[in-house]
Peer 1: 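Sharing a structure, written as structure tokens. Questions coming.
Keep in mind that this is a model prediction, so the values were computed, not measured. As a basis for the values below, the full set of heavy atoms in this structure was taken, side chains included, without hydrogen atoms, waters or symmetry mates. Letters A, B, ... mirror the listed sequences (proteins, then strands); counts begin at 1.
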Amino acid sequence: MPPMDDISHILAPLNDAQREAVTASGGNRLVLAGAGSGKTRVLVHRIAWLIQVEHAVPWSLLAVTFTNKAAREMRGRIEEILQQPLGGMWVGTFHGLAHRFLRAHWQEANLPQHFQILDSEDQQRLVKRLLKEMQLDESRFPPRQVTGFINAQKDEGRRPEHLDDGGDFFQRKLIEVYYAYEAACARGGQVDFAELLLRAHELLRDRPDIRHHYQQRFAHILVDEFQDTNAIQYAWLRMLAGERDNLFLVGDDDQSIYGWRGAKVENMQRFQRDYPNTQVVRLEQNYRSTGHILKAANALIANNPSRLGKNLWTSGGEGEPILRYAAFNEVDESRFVVERIRRYITEEGYRRDECAILYRTTAQSRLFEEALLNAQIPYRVYGGLRFFERAEIKDAMAYLRLVANPDDDIAFERAVNNPPRGIGLRTLDSLREQAREARGSLWRAARDLTGSGALPPRAAGAVNQFLGLIQKHQACARDLNLEALTRDLIAAAGLAEHYRKEKDGKGQDRIENLEQLVETARRFRHEMGWDYEVPAIDGADGTRPDQAGGAVAGGVPSGPGNPTDIPAGNPEGGYTQGNNTEGNADDNTEGPVPLDKSDLNAFLALAALEAGDTQADDSEDAVQLMTLHSAKGLEFPIVFLVGVEEGLFPHSLSAQDPSRLEEERRLCYVGLTRAKQRLFICHAEKRRIHGSEDYFFPSRFLSEIPAELLQEIRGGGISRPYSYGRSDNFLTASTMPARVGSNQGRSGITSATPTDTGGFRLGQRVRHPKFGEGVVLSSEGLGAAARIQINFHDAGSKWLVLAYARLEPLG
DNA sequence: AACTTCGGCTTTTTT
DNA sequence: AGCCGAAGTT
């Protein structure tokens with residue numbers, strides 16, 4: 001341990017508030033860390049402080065994050081500042097840590113030793129199958145909603161037996177599905193994401209011996225992004241902390257944007273009630289953005305009534321004004337943004353990756369991609385399918401899963417006739433039927449039926465062949481390493497051949513991805529995995545302090561077509577490859593390593609828990625495109641916040657409910673605070689959405705930003721007052737050409753017959769005495785029959801009879 | 001059993 | 001407009 005005088009590197013880079021948090025001793029701490037206030041730095045330095053100054057052993061520390069990326073980054077930064085590897089410290093995601101915990105205590109948790117993890121897609125498939133078996137109509141019980149119901153219950157810590165249908169038919173059925181779902185998971189030895197947390201919590205709750213063991217072990221528990229915890233995660237933390245008052249929670253209630261998936265901002269207030277001795281530290285000095293940007297963000301978020309309260313400030317300058325662009329339509333918007341980016345790159349020397357385009361919904365990326373493509377500016381879109389979520393990878397993984405556990409029905413259904421081998425619906429139905437009757441797995445049903453001659457010979461042959469394929473690999477799994485098993489299985493199943501024949505252009509990509517999978521398996525080594533050793537609970541020191549490291553396994557590919565890439569590299573740089581054993585493993589290949597069953601299982605767990613990156617090649621300097629959600633935690637010198645329109649942002653599905661509207665506002669706050677130097681806010685007056693064209697008001701969020709901080713840019717250099725009148729789309733009886741034919745829309749003309757609009761123009765703003773302000777969408781009919789469609793700001797879109805509607809033109 | 005077409009639906013995303 | 005699932009066709 002370095003001497004006391006060697007702590008300047010821990011404290012020197014900190015401001016007073018940060019230092020207060022880092023050096024706190026005794027008691028719980030809640031750090032309210034505003035955007036850009038050095039939240040991660042505080043966590044990292046706190047841990048360094050605990051180890052170097054308070055002489056805490058890494059083994060007695062627990063640090064929890066939400067994403068694997070954050071966990072990797074934190075571990076890397078701690079190791080960097082300490083200049084030593086963090087052996088036994090538990091750093092990971094809630095799910096990752098719960099998984100590790102359950103692996104160690106599978107018996108006590110009443111799980112099979114080699115339980116598998118279901119990802120969301122698997123879960124959805126299972127629910128679908130159950131709905132079908134229970135003969136519930138999918139239109140009345142949409143699988144998505146049913147899955148959502150089950151997950152929401154688990155997130156709240158509720159088992160089906162805790163639920164009451166309240167006499168409601170739907171509720172009763174949902175509970176029945178939940179029961180059936182649990183039974184199916186138990187039969188297949190499977191655990192979904194929420195189950196990891198719930199089981200881990202229940203185990204701590206029900207087993208005082210285990211609970212005390214961990215309570216004793218963890219002297220300090222640190223949590224990042226605390227505002228994103230759900231009920232069960234919070235309960236789990238409390239359980240682990242016990243009476244030790246050893247919680248160090250970092251979060252920002254203003255950046256809570258995952259309420260829709262169970263996160264509870266309330267946990268921040270609740271924590272202060274549950275632990276009245278908690279000391280709160282506010283980090284309000286922002287090191288990221290200009291004064292104007294911070295003022296805008298502060299003003300915006302002030303509109304949210306339920307806040308803990310915080311005000312960001314900077315010692316830096318005010319910076320440039322925020323620029324606002326009212327685009328005519330979405331194409332104009334994308335052209336504007338790309339033109340500006342082009343100028344920043346070519347005229348001001350910015351790198352491409354210093355520019356980010358942030359949007360509310362993924363669908364919005366397309367136009368920007370097109371415009372960037374046109375301008376020949378490289379870009380990178382975040383989000384979308386990750387490596388282990390790709391269909392071909394899941395196909396191959398289904399075979400691996402069956403080798404590990406033949407009772408995995410979800411894998412069975414996926415693999416059995418893919419590639420097609422003559423096992424059709426009829427055959428599958430009889431397998432399902434048999435499985436249901438025998439209350440066993442499909443695998444067993446298949447063995448029963450092929451043995452008893454109950455299947456038609458042809459089907460029986462095909463099923464037998466499939467069974468043989470899996471069995472053969474189960475047998476030789478002992479002699480093969482993971483890589484060989486994966487490669488052989490893909491070949492024997494005929495997957496690559498199958499994709500080769502695929503006629504759409506994706507076949508080649510898919511084959512490359514399968515090759516990448518084999519490569520990933522090759523790199524995956526036992527020593528990268530987890531230490532599943534069962535701690536001796538009654539012993540003073542059950543887990544080996546030096547061994548438990550590497551909560552985050554290496555080897556997840558960052559995407560296709562880049563076999564030599566360094567996996568999971570940190571684009572922000574600054575961290576050494578730390579726990580990433582990969583580099584070494586690559587170079588000292590010691591010949592074929594025999595496959596340990598836990599090797600295969602660790603690989604399967606990795607695939608589920610850490611699905612890999614979305615895209616290859618972070619190395620190329622490219623403009624960054626992402627949703628606001630995925631932008632959290634990032635920063636860019638130049639930010640374009642686009643599609644800032646009422647109905648899109650806030651999204652129409654959230655605008656009604658006050659609490660969801662607040663969350664939208666927080667999302668906007670997150671967006672604004674991503675910008676370091678320049679911020680553009682764009683909205684389109686007219687936008688094609690879901691196939692039809694609509695008029696939009698600028699978002700209310702725009703009007704919540706003080707006008708003096710905003711400067712409007714006029715389109716195409718033409719100075720024109722901001723109004724909806726820019727539309728070239730006049731639709732009055734006199735100017736409207738009589739058109740025949742069906743190719744409407746192209747020129748923006750939405751009706752082919754002459755109509756009477758009473759002098760109102762399409763896109764014109766109007767006021768109605770009852771419905772308030774709105775925009776003319778379209779019209780039909782003549783004279784007394786003339787009707788006009790208005791999209792009202794508050795009341796939505798309505799058809800009104802012109803003769804009666806007392807409409808007053810605006811603007 | 002495999003291929004084709006039609007119809008409904010459409011936020012955000014990590015584990 | 002596009003994606004997915006379900007029904008209809010070959």
Peer 1: Give a yes/no answer on whether the side chain of A/N230 brings an N or O atom under 4.0 Å of OP1 or OP2 in B/dT15.
Peer 2: no
Peer 1: Check the distance between B/dT14's P and A/Y382's OH and give it to me in whole angstrom.
Peer 2: 12 Å
Peer 1: Which is true for A/E138 with a 4.0 Å heavy-atom rule: it touches a base, it touches only sugar-phosphate, or it touches nothing?
Peer 2: sugar-phosphate
Peer 1: Mind checking if A/D228 touches a base, just sugar-phosphate, or nothing, with heavy atoms under 4.0 Å?
Peer 2: nothing
Peer 1: Roughly, in whole Å, what's the span from CG in A/L197 to C1' in B/dT15?
Peer 2: 8 Å
Peer 1: Distance check needed: B/dT15 C1' versus A/H99 NE2, whole Å only.
Peer 2: 12 Å
Peer 1: With centres under 5.5 Å and planes under 30° as the test, does A/H95 stack with B/dT15?
Peer 2: no
Peer 1: Just to be sure I understand the rule, does A/L425 reach a base, reach only the sugar-phosphate, or reach nothing, if contact means heavy atoms closer than 4.0 Å?
Peer 2: sugar-phosphate
Peer 1: Below 4.0 angstrom from OP1 or OP2 of C/dG2, is there any side-chain N or O of A/R366?
Peer 2: yes
Peer 1: Show the nearest heavy-atom pair for residues A/D228 and A/Q255, with the distance to one decimal.
Peer 2: OD1-O, 4.5 Å
Peer 1: Please report, rounded to the nearest Å, how far the C1' atom of B/dT12 is from the CG atom of A/L641.
Peer 2: 14 Å
Peer 1: Give a yes or no answer on whether the side chain of A/Q190 reaches the backbone of A/Q116 with a donor-acceptor pair at less than 3.5 Å.
Peer 2: no
Peer 1: According to the 5.5 Å centroid and 30° plane-angle thresholds, does A/W260 stack upon the nucleobase of B/dT11?
Peer 2: no
Peer 1: Rounded to the nearest 0.5 Å, how far apart are CZ of A/F193 and NE2 of A/H99?
Peer 2: 10.5 Å
Peer 1: Side chain of A/Y258 only, please: which of B/dA1, B/dT11, B/dT13 is the nearest?
Peer 2: B/dT13
Peer 1: Hey, which of A/R432, A/R125, A/K394, A/R401 is the one that makes salt bridge (Lys or Arg N to Asp or Glu O under 4.0 Å) with A/E413?
Peer 2: A/R432
Peer 1: Below the 4.0 Å mark, does B/dT10 have OP1 or OP2 next to a side-chain nitrogen or oxygen of A/R144?
Peer 2: no
Peer 1: Starting at atom CG of A/D119, determine the distance to atom P of B/dT15, rounded to an integer number of angstrom.
Peer 2: 12 Å
Peer 1: Let me know the distance between CG of A/D155 and P of B/dT14, rounded to the nearest Å.
Peer 2: 16 Å
Peer 1: Between A/N417 and A/L653, who's closer to the 5' end of DNA chain B by nearest nucleotide?
Peer 2: A/N417
Peer 1: Measure CZ/A/R360 against C1'/B/dT10 and give the value in whole Å, please.
Peer 2: 13 Å
Peer 1: Among the candidates B/dA2, B/dT15, B/dT12, find the nucleotide nearest to the side-chain atoms of A/P420.
Peer 2: B/dA2
Peer 1: B/dT13 P sits how many Å from A/Q123 CD, rounded?
Peer 2: 18 Å
Peer 1: Base, sugar-phosphate alone, or nothing: which one does A/R666 contact when heavy atoms must sit under 4.0 Å apart?
Peer 2: nothing
Peer 1: Using a heavy-atom cut-off of 4.0 Å across all strands, would you classify A/K128 as base, sugar-phosphate, or nothing?
Peer 2: sugar-phosphate
Peer 1: Is the Lys NZ or Arg CZ of A/R199 less than 6.0 Å from the centre of A/F115's six-membered ring, within 45° of the axis?
Peer 2: no
Peer 1: Between A/S120 and A/T362, just flag the one whose closest nucleotide in DNA chain B comes earlier from the 5' side.
Peer 2: A/T362
Peer 1: What contact category does A/S654 fall into here, base, sugar-phosphate, or nothing, at under 4.0 angstrom with non-hydrogen atoms?
Peer 2: base
Peer 1: Which of the following nucleotides, B/dT14, B/dT13, B/dT11, is nearest to the side chain of A/E664?
Peer 2: B/dT11
Peer 1: Shortest non-hydrogen contact from A/L517 to A/F388?
Peer 2: CD1-CE2, 3.7 Å
